[in-house]
Amino acid sequence: MAFTTEQLTIMDSIIARYPKSRSAIMPLLHYVQSIDGYVTSTGIEIIAEKLELATAEVTAVSTFYTQYKPEPVGEYHVGVCTNTLCAVMGGDAIFAAVKEHLGIENDGVTADGKVSLEHIECNAACDYAPVVMVNWEFYDNQTVESVKSLVDGARNGNPPAPTRGPKTLRTWKENSAVLAGLSDGLAGEGVSAGEPSKLGLKISRGN
Amino acid sequence: MTKLTPVLSAHWDEADSFTIGAYKRHGGYGAVVKALEMEPDAVIQLVKDSGLRGRGGAGFPTGMKWGFIPQGDNKDHYLVVNADESEPGTCKDMPLLMANPHVLIEGIIIASYAIRAGYAFIYIRGEVTHVVRRLQAAIAEAYAAGHLGKNIQGKGYDLELVLHVGAGAYICGEETALLDSLEGFRGQPRLRPPFPAIAGLYAKPTVVNNVESISSVPSIINNGAEWFSAMGTEKSKGYTLYSLSGHVANPGQFEAPLGITLRELLELAGGIRPGHQLKFWTPGGSSTPIFTAEHLDVALDYEGVSAAGSMLGTKALQVFDETTCIVRAVLRWTEFYKHESCGKCTPCREGTWWLVQILRDLEAGIGTAADLDKLLDVVDNIMGRSFCALADGAASPIISSLKYFREEYMQHLTTGGCPFDPVASTVFATAGSR
């Protein structure tokens with residue numbers, strides 16, 4: 001599907017952030033995902049045209065990075081950390097249970113297109129293990145039961161709020177726009193820091 | 001009495017700590033005023049005098065790195081902040097940016113001024129939407145307040161700051177891969193020399209610093225080099241963020257002078273989870289050789305950890321108790337390195353693949369004692385044979401685990417499988433007692 005004039009103008013504004021246009025390729029790919037949900041061939045062609053590159057050059061970049069999806073993902077993309085620490089603390093059990101619960105495998109999408117699943121690497125929240133990300137928002141200290149109810153909520157269009165994030169979980173496309181550098185005005189929502197982040201501070205105040 | 005010294009984390013318990021209002025309430029953007037009154041070289045000298053060393057893993061002196069940028073060369077200079085935090089176990093920069101993004105922005109202005117950069121970039125990993133929001137909003141606030149853009153605070157200094165969001169590639173935490181990625185290419189490491197200080201971003205002189213390193217700069221400008229260097233140990237100066245995770249009663253972030261020990265940190269974290277004992281831990285992420293209970297009193301500074309056979313790294317202390325299978329842990333880390341190997345250098349690309357195959361067999365109880373030697377042989381053939389240190393990182397858990405737990409590997413072979421119950425190591429297993 002062709003992009004609208006407004007969308008093309010936004011792409012120009014993304015390119016204008018950089019001293020050299022090619023640097024805009026990553027935010028532009030995030031932006032394409034915010035419109036199409038994944039990296040479409042149309043998106044690749046438009047980026048190539050805008051940056052005066054061959055489509056193969058854009059595809060080469062797109063396929064290097066795991067956040068750029070070659071196929072559609074769910075409206076809610078669930079990532080379960082199964083790197084060593086989270087895996088040991090329960091991530092492996094969570095991932096196995098959610099696969100079974102949804103009836104999909106790694107990189108799978110539910111038939112209704114609502115939820116997709118992926119095992120992810122360390123997401124820099126180890127003091128909140130086991131960690132689950134949905135549309136790259138933090139769901140801390142998860143259990144098998146909490147993640148089952150999380151994905152059930154997502155399928156019903158009513159997912160719980162992230163532990164450290166906005167009051168309402170936004171969709172994959174909406175969050176992709178944030179990653180492209182477009183503000184959604186939600187930075188003020190949510191906690192400053194979770195309890196583990198504040199533990200050292202708390203102890204130092206008490207002494 | 002504790003040894004804790006919250007500086008970067010001093011106000012994370014305030015509900016609006018991430019706003020410019022909260023930051024200014026505590027004296028924020030005062031350091032920039034002071035720095036812009038100074039000559040750029042004097043700022044570099046002050047940071048050199050403080051003894052600040054890179055907090056992203058390598059521990060290179062920050063002021064010296066700034067001093068490598070050629071001056072008067074009529075070239076554009078760039079500052080690039082590495083916020084790609086992806087080393088397994090490392091979880092300090094993301095909470096810092098979520099709760100206090102302005103301290104990084106203030107540090108960026110000062111550092112850019114010192115190295116005479118007109119453009120600065122923050123390269124943040126892409127899997128942290130809310131942290132991205134907080135930074136976006138903070139940058140917008142800083143522009144609106146006249147701390148960024150043209151003629152900053154009326155001092156005639158111009159600086160543009162761009163937030164660049166990655167897309168899921170551990171290798172982009174390596175500084176030259178990060179630069180390639182920021183230029184719009186696949187994130188693959190470059191051959192050095194030339195180093196980024198001579199030919200970095202767009203082949204121009206570039207400083208690449210970790211989030212925590214740059215965020216430490218405003219406090220040094222405000223309080224002086226002596227204040228900073230009075231903390232820490234002889235060659236490891238200042239305060240830093242230690243991140244405790246895993247089988248401890250209360251995991252979290254602890255800002256303390258360099259040189260604190262795990263024994264002291266565990267005391268603050270309430271010890272190992274009830275009813276269990278420490279088995280092994282990483283001092284600074286999965287790429288740093290593991291330690292055991294015999295290392296509880298190692299001073300966690302650059303020299304202390306190094307003398308004990310590991311690296312301070314990112315001060316990411318991942319703690320595992322006796323319920324954890326060492327082979328499972330090492331296999332999972334190795335799978336990570338295989339997945340994240342960018343594929344450029346053959347020893348790393350192929351070697352990490354073979355390491356995974358061997359370790360999978362070992363965990364399943366298939367194989368022989370000779371496979372343990374084969375692991376070490378493969379490791380020996382990938383270490384130091386690639387453009388970057390990813391393969392060296394992959395080698396660390398394997399070499400160190402075989403050093404301390406060779407018997408446990410053998411046990412998998414004699415019992416024909418893993419002798420551990422994975423349920424026992426989960427938090428669910430102790431949910432009642434937490």
Side-chain angles (χ1 to χ4, degrees), chain A residues 17-20 22-27 29-30 60-61 64-68 83-85 87-90 92-93 120-127 129-130 133 135-138 143-144 162 164-166 175 178-179 181 183-184 186-187 190 192-193 196-204 207, chain B residues 1-2 4 6 9 12-15 17-18 85-86 88-91 94-95 98-99 119 126-130 132-134 136-137 162-163 165 167-170 182-187 202 243-246 250-255 268 286 318 320 324 329 332-333 336 422 425-428:
Chain A
R17 287 181 206 149
Y18 294 91
K20 299 205 176 194
R22 182 164 179 147
S23 285
I25 194 165
M26 292 182 73
L29 284 163
H30 282 304
V61 172
F64 184 81
Y65 301 92
T66 53
Q67 276 182 276
Y68 300 133
N83 200 298
T84 300
L85 190 121
V88 164
M89 304 284 283
D92 276 356
I120 59 171
E121 299 299 352
C122 186
N123 220 94
C126 315
D127 43 351
M133 308 297 293
N135 298 341
W136 306 118
E137 304 281 8
F138 291 107
T143 63
V144 168
R164 290 174 291 147
N175 273 4
V178 174
L179 301 184
S183 170
D184 61 6
L186 301 179
S192 298
S197 303
K198 296 184 284 192
L199 182 57
L201 174 62
K202 220 170 171 178
I203 293 171
S204 77
N207 282 272
Chain B
M1 289 294 290
T2 79
L4 295 171
S9 63
W12 292 4
D13 55 352
E14 294 176 15
S17 69
F18 49 87
E85 185 165 69
S86 305
T90 309
C91 50
M94 293 308 114
M98 188 181 274
Y119 245 105
E127 305 100 320
V128 289
T129 315
H130 206 52
V132 170
R133 281 193 194 94
R134 290 270 162 92
Q136 279 171 352
V162 178
L163 180 64
V165 180
Y170 167 68
L182 183 50
E183 288 184 6
F185 295 89
R186 295 163 76 93
Y202 311 130
S243 313
L244 252 76
S245 60
N250 306 305
Q253 304 296 322
F254 300 88
E255 210 173 350
L268 299 170
S286 61
Q318 305 174 88
F320 297 92
T324 314
R332 197 56 64 88
W333 278 323
F336 165 77
S425 64
T426 65
V427 285
F428 326 133

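Keep in mind it's a predicted model, so treat the numbers as computed, not measured. Lettering follows sequence order; numbering is per chain, from 1.
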- Query: Under a 4.5 Å heavy-atom cut-off, does chain A meet the side chain of B:F320, its backbone, both or neither?
  - Reply: side chain
- Is chain A contacted by the side chain of B:T324, its backbone, both, or neither, given a heavy-atom distance below 4.5 Å? side chain
- Just give me the residue among B:L244, B:V162, B:L182, B:V165 that pairs up with chain A most often, heavy atom to heavy atom, under 4.5 Å. B:V165
- Note on the structure: dist A:Q67:CD -> A:L29:CG (nearest 0.5 Å) comes out at 11.5 Å
- Ranking B:A329, B:S286, B:G187 by heavy-atom pairs under 4.5 Å to chain A gives rank one to B:G187
- Query: Quick one: of B:A99, B:G126, B:S86, B:G89, who has the most non-hydrogen atom pairs under 4.5 Å with chain A?
  - Reply: B:G126
- Message: So for B:F185, is it side chain, backbone, both, or neither that comes closer than 4.5 Å to the heavy atoms of chain A?
- Response: both
- Portion of B:V128 that has a non-hydrogen atom of chain A nearer than 4.5 angstrom: both
- Task: Under 4.5 Å heavy-atom distance to chain B, tell me which part of A:P162 shows up: side chain, backbone, both or neither.
- Result: neither
- Query: Can a salt bridge be assigned to the pair B:D13 and A:K202 using a cut-off of 4.0 Å between side-chain N and carboxylate O?
  - Reply: no
- Query: Going from OG1 on B:T129 to CG on A:L179, what distance comes out if it is rounded to the nearest 0.5 angstrom?
  - Reply: 4.5 Å
- Message: So for B:M98, is it side chain, backbone, both, or neither that comes closer than 4.5 Å to the heavy atoms of chain A?
- Response: both
- Do you know which two heavy atoms are closest between B:L163 and A:Y18, and how far apart they sit? O-OH, 4.3 Å
- Task: Among the options A:P130, A:A60, A:A193, A:G190, pick out the one with the most heavy-atom pairs lying under 4.5 Å from chain B.
- Result: A:A60
- Message: side chain to side chain donor-acceptor pair (under 3.5 Å) for B:S243 and B:Q253? Distances and angles first, verdict last.
- Response: CA-CA 5 Å; B:S243 313; B:Q253 304 296 322; 2.8 Å; yes
- Note on the structure: Whatever's closer than 4.5 Å to a heavy atom in chain A on B:Q136 counts as side chain
- Message: Is the positively charged end of B:R186 above the ring of A:F64, judged by distance under 6.0 angstrom from the centroid and angle within 45° of the axis?
- Response: no
- Message: Heavy-atom cut-off 4.5 Å, strictly under: side chain, backbone, both or neither for A:I25 against chain B?
- Response: side chain
- Message: Need one label for A:A93: side chain, backbone, both or neither, based on atoms under 4.5 Å from any heavy atom in chain B.
- Response: side chain
- Measure the CE-CZ distance between A:M89 and B:F428 for me, rounded to the nearest 0.5 Å. 9.5 Å
- Note on the structure: chain A shares the most heavy-atom pairs under 4.5 Å, among B:P422, B:A137, B:S17, with B:S17
- Query: Got a second to check how far B:Y202's OH is from A:K20's NZ, nearest 0.5 Å?
  - Reply: 7.5 Å
- Per side-chain contact (heavy atoms from CB on, under 4.5 Å), A:S197 is matched among B:S9, B:P95, B:C91 by B:P95
- Query: Taking A:S192, A:G90, A:S183 one by one, which has the highest count of heavy-atom pairs under 4.5 Å against chain B?
  - Reply: A:S192
- Item | Atom of A:A187, atom of B:R133 and distance for their closest heavy-atom approach | CB-O, 3.4 Å
